[in-house]
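Inspection log for the structure reproduced underneath, given as structure tokens.
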Protein chains: 2
Amino acid sequence: MSHNTTAPSLDLIFAALADPTRRAILEMLLEDDMAVTDVAEPFEMSLAAISKHLTILMRAGLIAQEKRGRVKWCKLQPDAMRASSIWMQGFGQFEALDLEGLERFLEHELSGSAELDP
Amino acid sequence: MSHNTTAPSLDLIFAALADPTRRAILEMLLEDDMAVTDVAEPFEMSLAAISKHLTILMRAGLIAQEKRGRVKWCKLQPDAMRASSIWMQGFGQFEALDLEGLERFLEHELSGSAELDP
DNA sequence: GCTATATTCAACCAAATGGTTGACCAAAGC
DNA sequence: GCTTTGGTCAACCATTTGGTTGAATATAGC
């Protein structure tokens with residue numbers, strides 16, 4: 001409800017989402033919080049590369065990182081997606097500003113269904 | 001409901017949306033179709049630069065360009081936004097999307113204000 | 001205290017991005 | 001047929017991006 005301390009720009013968010021590796025990471029985090037090493041495991045690139053990707057995701061506000069012991073846990077930050085999602089909704093409505101679509105959208109939203117389709 | 005002939009990837013769409021100039025162009029096209037020169041007018045960069053931006057938007061499927069006479073008309077292609085919007089919804093649902101933000105958005109949209117903010 | 005584990009940092013590299021300019025092509029206007 | 005108008009193309013440039021490697025830091029385990 002309240003604004004974040006420093007709401008990251010659409011620039012940062014969309015740029016972060018433009019990379020397939022980073023989107024895959026986000027999808028992984030949808031299931032559970034993960035340590036950096038575990039995030040890196042399925043990818044064929046260096047740990048350092050993944051670390052960079054995580055930094056980009058964090059600066060976009062899409063994830064948060066919390067260090068517990070020597071392990072840094074990565075956690076999805078769904079709020080960050082909201083601004084860009086709303087921005088895009090504006091175009092979905094485009095077709096004659098159909099409130100029906102909006103209603104459907106709201107119903108869908110309120111019903112709390114959450115299908116992910118990779 | 002049917003797939004597009006060549007659905008552009010999320011990569012292309014998100015990358016296209018990551019640039020403020022391109023987002024501003026899309027918002028302009030939300031109001032009406034425009035010729036390339038007219039699209040370029042409010043910006044402080046060369047026509048060639050805008051032309052490049054438009055190419056990127058087109059390859060992402062976000063706009064279509066139709067040449068009538070010597071004028072090339074740019075038209076918003078809202079369907080292209082759907083795939084990425086749906087992808088994001090998957091994350092947004094998580095916390096049951098704030099209706100306030102949506103309302104604010106609608107007010108903004110319905111009031112017909114169109115601040116371009118470079 | 002040593003060693004292994006978790007993660008980042010720094011320097012580097014190739015390729016992509018966002019912009020410029022000037023030449024070019026195509027369609028109107030007179 | 002010139003000239004203007006609308007738009008792209010090509011070559012160039014600086015900066016950013018996405019990756020590498022090797023060294024550095026911090027915590028955990030023994």
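Numbered from 1 within each chain, the chains take letters A, B, ... in sequence-line order. Small disclaimer: the values here were computed from a predicted structure and weren't measured.
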(request) Mind calculating the distance between CD (A/E41) and P (C/dT5) to the nearest angstrom? (result) 16 Å
(request) Select one nucleotide: of C/dT20, D/dT8, C/dA6, the one nearest the side-chain heavy atoms of B/Q65. (result) D/dT8
(message) Counting only side-chain heavy atoms from C-beta out, which of C/dA6, D/dT8, D/dT20 sits nearest to A/M45?
(response) D/dT20
(message) Less than 4.5 Å apart, side chain to side chain, heavy atoms only: is that true for B/W87 and A/L26?
(response) yes
(message) Classify B/A15 by what it touches in the nucleic acid, base, sugar-phosphate, or nothing, heavy-atom distance under 4.0 Å.
(response) nothing
(message) Measure CG/B/L57 against P/D/dT8 and give the value in whole Å, please.
(response) 12 Å
(request) First locate atom CH2 of B/W73, then atom CD of B/Q65, and finally report the distance between them rounded to the nearest 0.5 Å. (result) 12.5 Å
(request) Would you kindly give the CG-to-P distance between B/L54 and D/dT8, to the nearest whole Å? (result) 7 Å
(request) Can you figure out which of C/dG29, D/dG19, D/dG18 approaches the side chain of A/I56 most closely? (result) D/dG18
(message) Whole angstroms only, please: what is the CD1-C1' distance between A/I25 and D/dG18?
(response) 12 Å
(request) Rounded off to whole Å, could you give me the CZ-to-C1' distance for the A/R22 and D/dG19 pair? (result) 12 Å
(message) It should be established whether B/S46 places a side-chain nitrogen or oxygen under 4.0 Å from OP1 or OP2 of nucleotide C/dG19.
(response) no
(message) Distance check, rounded to the nearest 0.5 Å: B/I50 atom CD1 versus B/R22 atom CZ?
(response) 10.5 Å
(message) Using side-chain heavy atoms (C-beta onward) and a distance below 4.5 Å, is B/F43 in contact with B/H53?
(response) no
(request) Rounded to the nearest angstrom, tell me the gap between atom CZ in A/R70 and atom C1' in C/dA6. (result) 6 Å
(message) Here's a test of your reading of the structure: between A/G69 and A/E44, which maps to the more 5' nucleotide of DNA chain D?
(response) A/E44
(message) Whole angstroms only, please: what is the CZ-P distance between B/F43 and C/dG18?
(response) 14 Å
(message) Are the side chains of A/L10 and B/L17 in contact, using a 4.5 Å heavy-atom criterion?
(response) no
(message) Closest-nucleotide mapping onto DNA chain D: is B/V71 or A/H53 further toward the 5' terminus? I mean the 5' end.
(response) B/V71
(message) Output the rounded distance in Å from CG (B/L17) to C1' (C/dT17).
(response) 16 Å
(message) Among D/dT8, C/dT8, D/dA26, which nucleotide has an atom closest to any side-chain atom of A/K67?
(response) D/dA26
(message) Of the options C/dT5, D/dG18, C/dG19, whose atoms approach the side-chain atoms of A/D19 most closely?
(response) D/dG18
(request) Tell me what A/L47 touches on the nucleic acid: a base, only sugar-phosphate, or nothing, going by heavy atoms under 4.0 Å. (result) base
(message) C/dT8, OP1 or OP2 - any side-chain N/O from A/K72 closer than 4.0 Å?
(response) yes
(request) When you get a sec, tell me which of D/dG19, C/dG19, D/dT8 is the closest nucleotide to the side chain of A/K52? (result) D/dG19
